[in-house]
Participant: 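First the structure, then my questions, so here it is.
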Amino acid sequence: MIPAEFDYHRPDSKAQALRLLGAAGSEGRILAGGHSLIPMMKLRMAKPAQIIDISRIGELKGIVIRASEIEIGAMTTQHELIISESLAEACPIIRETAKQIADPQVRYLGTLGGNVGNGDPGNDMPGLMQCLNAIYVLESTKGVREVAARSFYQGAYFTALGEGELLTKVRFPLPPKGHGYAYKKLKRKVGDYATAAAAVVLEMSGGKVRRASIALTNVADTPLYAKDAVDRIAGTSLEPADIDAAVAAAEAIARPSADGRGSAEYRTKMAGVMVRRALMEAAARSGEAEDTPAPEKKGGIFGWLKS
Ligand SMILES: Cc1cc2nc3c(=O)[nH]c(=O)nc-3n(C[C@H](O)[C@H](O)[C@H](O)COP(=O)(O)OP(=O)(O)OC[C@H]3O[C@@H](n4cnc5c(N)ncnc54)[C@H](O)[C@@H]3O)c2cc1C
């Protein structure tokens, strides 16, 4: 189908984009990579009257790795996340997740900001960002505010993004060196959205789980931070019974709908299977935690693990 009529703007700066977005009010919609918005416009599921294309705004791109946090510009593409060696070294789960999104064509244009700002429960980055305890930076002509990824998602395609707001960057605490990680995604074929997926980050010390974080993708209207599952493994040596308990806790919060990927029962079980596989792989990849000071002394470096 052909989209409904719209006015098209292509600002060169963030300030100009914010002005256009503010002036457009409820009629305005950001166009980033276009891989979610344009299909929705063609189906007339979205009919924005004012399109603000931010693809030319260089200041919205980039990956910055600091001593205690990572900051990624909203217009950084999934491809750019994959090819960044420094990002893969500091936080390898980003590359692992991005490689499981769609196909190279989509990843060349699809952006981190579009993936997390879209509100589609099938998107993979929102669950990962909940796992990493990311903060989304939202800017408008009225100012800047920060919203935690774990509070951002309100329902399918409903987020905390307000009228006139642009998601400009994503920030999250740098995971400690030697952390274990895994993003496990079950899909019907290459390029598909998840039947169920799980993100796990683990820090082991003395053979026990010192800290952990688990989140689920596409098994509810929103991504889910699996706090009860985390509580089940905290302080354990990840014996089979501990993993069973975490899997059961993750399955208990899953609320998938039945769709072409399977029944609600099947997708719930697959969420558990993904958590089990991700936990086991994260544990196998995990080195002993480096001798790090207590979290409060690190200026929030371990914020990714707090619930
Ligand atoms: C064939 C195919 C397969 C796919 N498979 C997967 C998959 O397996 N996993 C997955 O996660 N995704 C998948 N996608 C979606 C793809 O990753 C999208 O590119 C992504 O979800 C949206 O990013 P975008 O940059 O294209 O955003 P757009 O489509 O441009 O925008 C999406 C939405 O976010 C809003 N938005 C975008 N950027 C901002 C911003 N900076 N601030 C505020 N609002 C913003 C837009 O207004 C729009 O509502 C697939 C897409 C296709 C076409």
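Note that these values count all heavy atoms, side chains included, but never hydrogens, waters or copies made by symmetry. We count ligands from 1, going down the list as the structure has it; atoms in each ligand are counted the same way.
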Participant: Using a plain distance cutoff, I'd like to know if Asp103 has any nitrogen or oxygen under 3.5 Å from a nitrogen or oxygen of ligand 1.
Facilitator: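 In this structure, Asp103 places no N or O atom under 3.5 Å from an N or O of ligand 1.
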
Participant: Just to be sure I read this right, does ligand 1 sit under 4.0 Å from the backbone of Lys185, its side chain, both, or neither, counting only heavy atoms?
Facilitator: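 Near ligand 1, Lys185 shows its side chain, while the N, CA, C and O stay back.
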
Participant: Using a plain distance cutoff, I'd like to know if Leu167 has any nitrogen or oxygen under 3.5 Å from a nitrogen or oxygen of ligand 1.
Facilitator: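 So ligand 1 has an N or O lying under 3.5 Å from an N or O of Leu167.
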
Participant: Kindly indicate whether the side chain of Pro223, heavy atoms from C-beta on, has any atom under 4.5 Å from the side chain of Tyr153.
Facilitator: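 In contact.
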
Participant: Between Asp103 and Arg107, does at least one N-O distance fall below 4.0 Å, as a salt bridge requires?
Facilitator: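 Salt bridge: no.
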
Participant: Who's the nearest protein heavy-atom neighbour of atom 18 (C) of ligand 1, and how far?
Facilitator: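 The closest heavy atom on the protein side is Ser36 OG, 3.5 Å.
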
Participant: Between Ile30 and ligand 1, which part of the residue brings a heavy atom under 4.0 Å of the ligand: side chain, backbone, both or neither?
Facilitator: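 Near ligand 1, Ile30 shows its backbone as well as its side chain.
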
Participant: So, are Glu281 and Arg276 salt-bridged, with charged N and O less than 4.0 Å apart?
Facilitator: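 The answer is no: the pair does not qualify as a salt bridge.
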
Participant: Is Asn218 reaching over with its side chain to a backbone N or O of Ala194, donor-acceptor style, under 3.5 angstrom?
Facilitator: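 Here the side-chain-to-backbone pair exists.
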
Participant: Examine ligand 1 and decide if any of its atoms is less than 4.0 Å from a heavy atom belonging to Ile54.
Facilitator: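 For ligand 1, residue contact (heavy atoms, under 4.0 Å) with Ile54 is present.
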
Participant: Using a 3.5 Å cut-off on N or O atoms only, is Leu37 in polar contact with ligand 1?
Facilitator: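 It does: an N or O of Leu37 is found under 3.5 Å from an N or O of ligand 1.
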
Participant: Side chain, backbone, both or neither: which applies to Leu161 and ligand 1 if a contact is any heavy-atom pair less than 4.0 Å apart?
Facilitator: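 Side chain only.
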
Participant: How long is the span from the OH atom in Tyr266 to the CZ atom in Arg261, to the nearest 0.5 Å?
Facilitator: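 One gets 11.5 Å once the value is rounded to the nearest 0.5 Å.
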
Participant: Run down the list Lys187, Met75, Arg29, His35 and name the one with the heavy atom closest to atom 19 (O) of ligand 1.
Facilitator: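 Looking at heavy atoms only, His35 sits closest to atom 19 (O) of ligand 1.
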
Participant: Show me which atoms of ligand 1 lie under 4.0 Å from any heavy atom of Gly191.
Facilitator: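 Once the distances to Gly191 are compared, the set is 3 (C), 5 (N).
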
Participant: Considering distance alone, does some N or O of Thr111 sit under 3.5 Å from an N or O of ligand 1?
Facilitator: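 N/O-N/O distance below 3.5 Å exists for this pair.
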
Participant: With respect to Gly33, determine whether any N or O atom, backbone or side chain, lies less than 3.5 Å from an N or O atom of ligand 1.
Facilitator: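 In this structure, Gly33 places an N or O atom under 3.5 Å from an N or O of ligand 1.
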
Participant: List the closest protein heavy-atom neighbour of atom 5 (N) of ligand 1: residue, atom name, distance to the nearest 0.1 Å.
Facilitator: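 Checking every protein heavy atom, the shortest distance to atom 5 (N) of ligand 1 gives Ala102 CB, 3.4 Å.
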
Participant: Among all protein heavy atoms, pick out the one at the shortest distance from atom 16 (C) of ligand 1; state its residue, atom name and that distance to 0.1 Å.
Facilitator: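 So the nearest neighbour among protein heavy atoms is Val106 CG1, 3.7 Å.
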
Participant: Are the side chain of Glu96 and the backbone of Tyr183 linked by a donor-acceptor contact shorter than 3.5 Å?
Facilitator: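 Indeed, once roles are kept as given, a pair shorter than 3.5 Å links the two residues.
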
Participant: How far is atom 33 (C) of ligand 1 from its nearest protein heavy atom, and which residue and atom name does that atom have?
Facilitator: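 Looking only at protein heavy atoms, the one closest to atom 33 (C) of ligand 1 is Asn118 OD1, 3.4 Å.
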
Participant: Where does Asp192 meet ligand 1, judged by heavy-atom distances below 4.0 Å: at the side chain, the backbone, both, or neither?
Facilitator: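 Backbone only.
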
Participant: Could you tell me whether Ala74 and ligand 1 have an N or O pair separated by under 3.5 Å?
Facilitator: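 No, there is no polar N/O contact under 3.5 Å.
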
Participant: In this structure, would Leu21 and Leu31 fall into the same cluster of hydrophobic residues linked by side-chain contacts under 4.5 Å?
Facilitator: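 The answer is no; the residues belong to distinct hydrophobic clusters.
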
Participant: Give me the nearest non-hydrogen protein atom to atom 37 (C) of ligand 1 as residue plus atom name, then the distance to 0.1 Å.
Facilitator: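 Looking only at protein heavy atoms, the one closest to atom 37 (C) of ligand 1 is Gly114 CA, 3.4 Å.
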
Participant: If the test is side chain to side chain contact (heavy atoms under 4.5 Å, CB included), which one of Arg145, Glu165, Lys14 qualifies with Glu139?
Facilitator: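 Of the listed residues Arg145, Glu165, Lys14, the side chain to side chain contact (heavy atoms under 4.5 Å, CB included) partner of Glu139 is Lys14.
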
Participant: Of all the atoms in ligand 1, which lie at a distance below 4.0 Å from a heavy atom belonging to Ala32?
Facilitator: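 Close to Ala32: 25 (O), 27 (O), 30 (O), 37 (C), 38 (N).
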
Participant: Measuring from atom SG of Cys131 to atom CD1 of Ile93, what distance do you get when rounded to the nearest 0.5 angstrom?
Facilitator: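 Rounded to the nearest 0.5 Å, the SG-CD1 separation comes to 5.0 Å.
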
Participant: Is ligand 1 less than 4.0 angstrom away from at least one heavy atom of Gln78?
Facilitator: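 For ligand 1, residue contact (heavy atoms, under 4.0 Å) with Gln78 is present.
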
Participant: Can you list the atoms of ligand 1 that are under 4.0 Å from a heavy atom of Asn123?
Facilitator: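 Near Asn123, meaning under 4.0 Å from one of its heavy atoms, ligand 1 has 10 (C), 11 (O), 12 (N), 15 (C), 21 (O).
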
Participant: Using a 6.0 Å cut-off, check whether atom CE of Met40 has over 12 heavy atoms from anything other than its own residue.
Facilitator: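 Atom CE in Met40 is packed in, count exceeds 12.
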
Participant: Taking all heavy atoms of Gly191 and all of Lys187, pick out the closest pair and write down the distance.
Facilitator: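 Taking every non-hydrogen atom into account, N-NZ, 4.3 Å.
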
Participant: Would Val147 end up clustered with Val137 when hydrophobic side chains under 4.5 Å apart are linked, directly or stepwise?
Facilitator: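 No, it is not one cluster - the side chains of Val147 and Val137 are not joined through contacts under 4.5 Å.
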
Participant: Suppose I only count heavy atoms of Leu166 and a 4.0 Å limit; which atoms of ligand 1 are within that range?
Facilitator: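 Listed by number with element, the hits are 40 (C), 41 (N), 42 (N).
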
Participant: I'd like to check which ligand 1 atoms, numbered from 1 as shown, lie under 4.0 Å from a non-hydrogen atom of Gly110.
Facilitator: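 Matching atoms, with element in brackets: 19 (O), 25 (O), 26 (O).
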
Participant: Is a side-chain N or O of Ser286 found less than 3.5 angstrom from the main chain of Ala283, in a donor-acceptor match?
Facilitator: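 Pair absent, no side-chain N/O of Ser286 close to backbone of Ala283.
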
Participant: In terms of ring plane angle, is the pair His79 and Tyr108 parallel, tilted or perpendicular, where the classes change at 30° and 60°?
Facilitator: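 If you compare the ring of His79 with that of Tyr108, the planes turn out tilted.
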
Participant: Name the option, out of Tyr108, Tyr193, Tyr136, that contains the heavy atom nearest to atom 51 (C) of ligand 1.
Facilitator: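 It is Tyr193 that holds the nearest heavy atom.
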
Participant: Report yes if some N/O of Gly34 lies less than 3.5 Å from some N/O of ligand 1; otherwise report no.
Facilitator: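 Yes, at least one N or O pair falls under 3.5 Å.
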
Participant: Measure the distance from atom 9 (N) of ligand 1 to every protein heavy atom, then report the residue, atom name and distance (to 0.1 Å) of the closest one.
Facilitator: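 Answer for atom 9 (N) of ligand 1: Asp124 OD2, 2.7 Å.
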
Participant: Are Leu112 and Tyr181 co-members of a hydrophobic cluster defined by side-chain heavy atoms under 4.5 Å apart?
Facilitator: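 Yes; tracing contacts between hydrophobic side chains, which count when under 4.5 Å, links both residues.
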
